[in-house]
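The structure appears below as structure tokens.
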2 protein chains.
Amino acid sequence: MDAEGEPDDVPATGMVRPGGRTARVRDAVLRAAGDALAEHGFGGLDLADVARRAEVGKTTVYRRWSTPAGLVADLLADMAEQSVPRTDLGSLDADLAANARLVLRTLTDPRQGPLFTSVIAAATCDVRTAEALHRFYEVRVREWAGCVDAAVARGELPAGTDACEVVRAVSAPLYYRLLTGGGALDAAAADRAAAAAAAAARAGVYVS
Amino acid sequence: MDAEGEPDDVPATGMVRPGGRTARVRDAVLRAAGDALAEHGFGGLDLADVARRAEVGKTTVYRRWSTPAGLVADLLADMAEQSVPRTDLGSLDADLAANARLVLRTLTDPRQGPLFTSVIAAATCDVRTAEALHRFYEVRVREWAGCVDAAVARGELPAGTDACEVVRAVSAPLYYRLLTGGGALDAAAADRAAAAAAAAARAGVYVS
DNA sequence: ATCTTAACGGAACCGAAGGTCCATTAAGAT
DNA sequence: ATCTTAATGGACCTTCGGTTCCGTTAAGAT
């Protein structure tokens, strides 16, 4: 978070005594930030409001996170740690479909959906936030890449297939819809995304 | 833009005398807004700064567009009118690749790239802006859907293929990379996106 | 148990984003 | 050419996001 270029590494606030109160404050603030983001979007994210929701001093929020983007970056770092384990249904199509359904459920969830769009918006405004977002997706993608590797091992896909790229291909159309519109985000869209990724993978498009 | 629910439709500013000065001001402001967006992103979009760049009174900008999101919405409406005509190379693969390369060129352009990310960020903060963005992409997608329809007519793709969905499938992975990272936006990525869409389309994934 | 000081939080402060007022300019109708 | 008034833009004002100051609380070391 705070990689100050200061003389002899001045420790960032919250790093020397990370236990007890400090941790409690961080949790409360990140939860409040998520709520605020889901409700008002990134554009309407006000640090003072977050402080109020978290029942924490306004000063504290400004001192530790400074800017809305910084706060979102930390929220993302926190989200990346709570990775959901993937399923393993034994066939590529089933696994990719399960992944697509999971993404769909996330993006259409009344809290998670707005939260994700907000977080993406935040990432476009600040490089550090963008890096945090990239790291988050790297974790998620790598988690699901396993089922593609398994499919390669089973001989369902050509050797040398880029597993991560296949997983991203499943998510991409759903995020595209979320952001640029053009059709509803429903089960049909999810299944189509999964089927498309599977078809392309079988055709060897993702062989590096 | 201004669909006021006022008694007996009070005309929005700029609608009664749209010629001469008013048009000149709009052009200058939209150009300035695009520059500002490309440079500082949506988060750093300041209406006063836009006014300064456009050499226009601050009051004018606030009166006509009110909010950053409103300004971006108008900018999008303007962008939607300047549609670039598609190519027609005679084969599905070539046409989709050309489309992918065009999207790539746009997203990696030093001005257009940041502009597009900013505009997408703006759309997440305001419903009206989101609608404008959707309309923009609807125009773009429909423009290129023609070459998919042609491929169906030539028998390259199964009848009943949803042309728009194929076109979106080409763009989606590129936008996904732009926003969530995970790999460079290069020619290889563009070609892969086109190839994947073509493979999935041939497999009948986009038959409605 | 005691001590040091990291971290918190209330109050007061500051600057600029955003809005109001009104005189000036120029579309567009006659 | 003349007139009406839509639209502009400068000066001024108000609100509030963000910061600073400093006293209070409680981590973590002894």
Side-chain angles (χ1 to χ4, degrees), chain A residues 1-2 4 6 8-33 36-37 40-72 74 122 125-126, chain B residues 1-2 4 6 8-33 36-37 39-74 122 125-126:
Chain A
M1 246 335 19
D2 267 61
E4 318 262 325
E6 293 293 293
D8 260 322
D9 262 325
V10 174
T13 299
M15 291 294 97
V16 178
R17 290 180 184 176
R21 181 167 60 168
T22 298
R24 212 153 44 239
V25 165
R26 190 177 111 111
D27 285 349
V29 168
L30 291 188
R31 167 180 312 279
L37 275 179
H40 308 309
F42 179 66
L45 186 60
D46 172 24
L47 297 211
D49 174 54
V50 172
R52 222 171 300 126
R53 287 169 186 256
E55 293 179 311
V56 152
K58 183 175 71 156
T59 317
T60 299
V61 177
Y62 279 109
R63 184 174 27 234
R64 285 184 64 179
W65 292 280
S66 317
T67 146
L71 179 54
V72 176
D74 197 24
C125 299
D126 178 80
Chain B
M1 236 352 2
D2 267 59
E4 318 262 325
E6 295 292 294
D8 260 320
D9 262 324
V10 173
T13 299
M15 291 296 95
V16 176
R17 291 181 185 176
R21 180 167 60 166
T22 298
R24 213 155 40 243
V25 165
R26 192 178 109 112
D27 285 350
V29 169
L30 291 187
R31 166 180 312 279
L37 275 178
E39 276 181 41
H40 308 309
F42 178 66
L45 186 60
D46 173 24
L47 296 210
D49 174 55
V50 171
R52 222 172 300 127
R53 287 169 186 255
E55 294 178 311
V56 152
K58 184 176 69 158
T59 317
T60 300
V61 177
Y62 278 110
R63 184 175 26 237
R64 284 185 62 179
W65 292 280
S66 317
T67 146
L71 179 55
V72 176
D74 197 24
C125 299
D126 178 81

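All figures in this text were calculated on a predicted structure; none of them were measured in a lab. Chain A is the first sequence line, chain B the second, and so forth, proteins listed ahead of strands; every chain is numbered from 1.
- Distance CH2 (B:Trp65) to P (C:dA17): 19 Å, rounded to an integer number of Å.
- Residue whose closest nucleotide on DNA chain D sits further toward the 5' end, between A:Leu45 and B:Val56: B:Val56.
- In this structure, NZ on A:Lys58 lies 8.5 Å from CG on A:Asp46, to the nearest 0.5 angstrom.
- Straight-line distance from the CG atom of A:Asp49 to the P atom of D:dG18: 12 Å, rounded to whole Å.
- Contact between the side-chain N/O atoms of A:Thr60 and the OP1/OP2 oxygens of C:dA7 is not found at any separation under 4.0 Å.
- In this structure the side chain of B:Leu47 reaches within 4.5 angstrom of the side chain of B:Leu71, judged on heavy atoms.
- Not one side-chain nitrogen or oxygen of A:Arg26 sits closer than 4.0 Å to the OP1 or OP2 atom of C:dC8.
- A donor-acceptor contact under 3.5 Å is formed by the side chain of B:Lys58 with the base of C:dG18.
- Where B:Arg24 and B:Arg52 each meet DNA chain C at their nearest nucleotide, the meeting point lying more 5' is that of B:Arg52.
- In terms of phosphate contacts, B:Tyr62 brings no side-chain nitrogen or oxygen within less than 4.0 Å of OP1 or OP2 of C:dG19.
- With rounding to whole Å, B:Arg63 atom CZ is found 11 Å from C:dG19 atom C1'.
- Contact check for A:Val50 versus A:Val56: no side-chain heavy atoms found under the 4.5 Å cut-off.
- Heavy-atom minimum distance, B:Leu45 versus B:Ala36: CD1-CB, 3.8 Å.
- Note on A:Thr22: only backbone sugar-phosphate atoms sit closer than 4.0 angstrom, heavy atoms only; bases stay farther off.
- Whole-Å rounding puts the B:Asp46 CG to C:dA16 P distance at 11 Å.
- Residue A:Arg64 contributes atom CZ, which lies 19 Å from atom P of D:dG18 at whole-angstrom precision.
- Nearest heavy atoms, B:Pro68 versus B:Phe42: CB-CE1, 3.9 Å.
- Contact annotation: side chain of B:Arg21 to base of C:dT25, donor-acceptor pair present below 3.5 Å.
- Nucleotide C:dA7 holds its P atom 16 Å from the CG atom of A:Asp27, rounded to whole Å.
- Axis orientation changes by 50° from one end of the helix from C:dA1-D:dT30 to C:dT30-D:dA1 to the other, with each end axis drawn from 5 pairs and the value rounded to 10°.
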Which pairs of donor and acceptor atoms, one on a side chain in residues 23-32 of chain A, lie under 3.5 Å apart (sequence neighbours left out)?
| residue | atom | partner | partner atom | Å |
| --- | --- | --- | --- | --- |
| A:Arg26 | NH1 | A:Asp74 | OD1 | 2.7 |
| A:Arg26 | NH1 | A:Asp74 | OD2 | 3.0 |
| A:Arg26 | NH2 | A:Asp78 | OD1 | 3.2 |

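- For the atom pair B:Thr67 OG1 and B:Asp126 CG, the distance stands at 6.0 Å (nearest 0.5 Å).
- Residue B:Thr59 is classed as a base contact, given a heavy-atom separation below 4.0 Å to a base.
- Distance, A:Met15 CE to D:dG28 P: 11 Å, rounded to whole Å.
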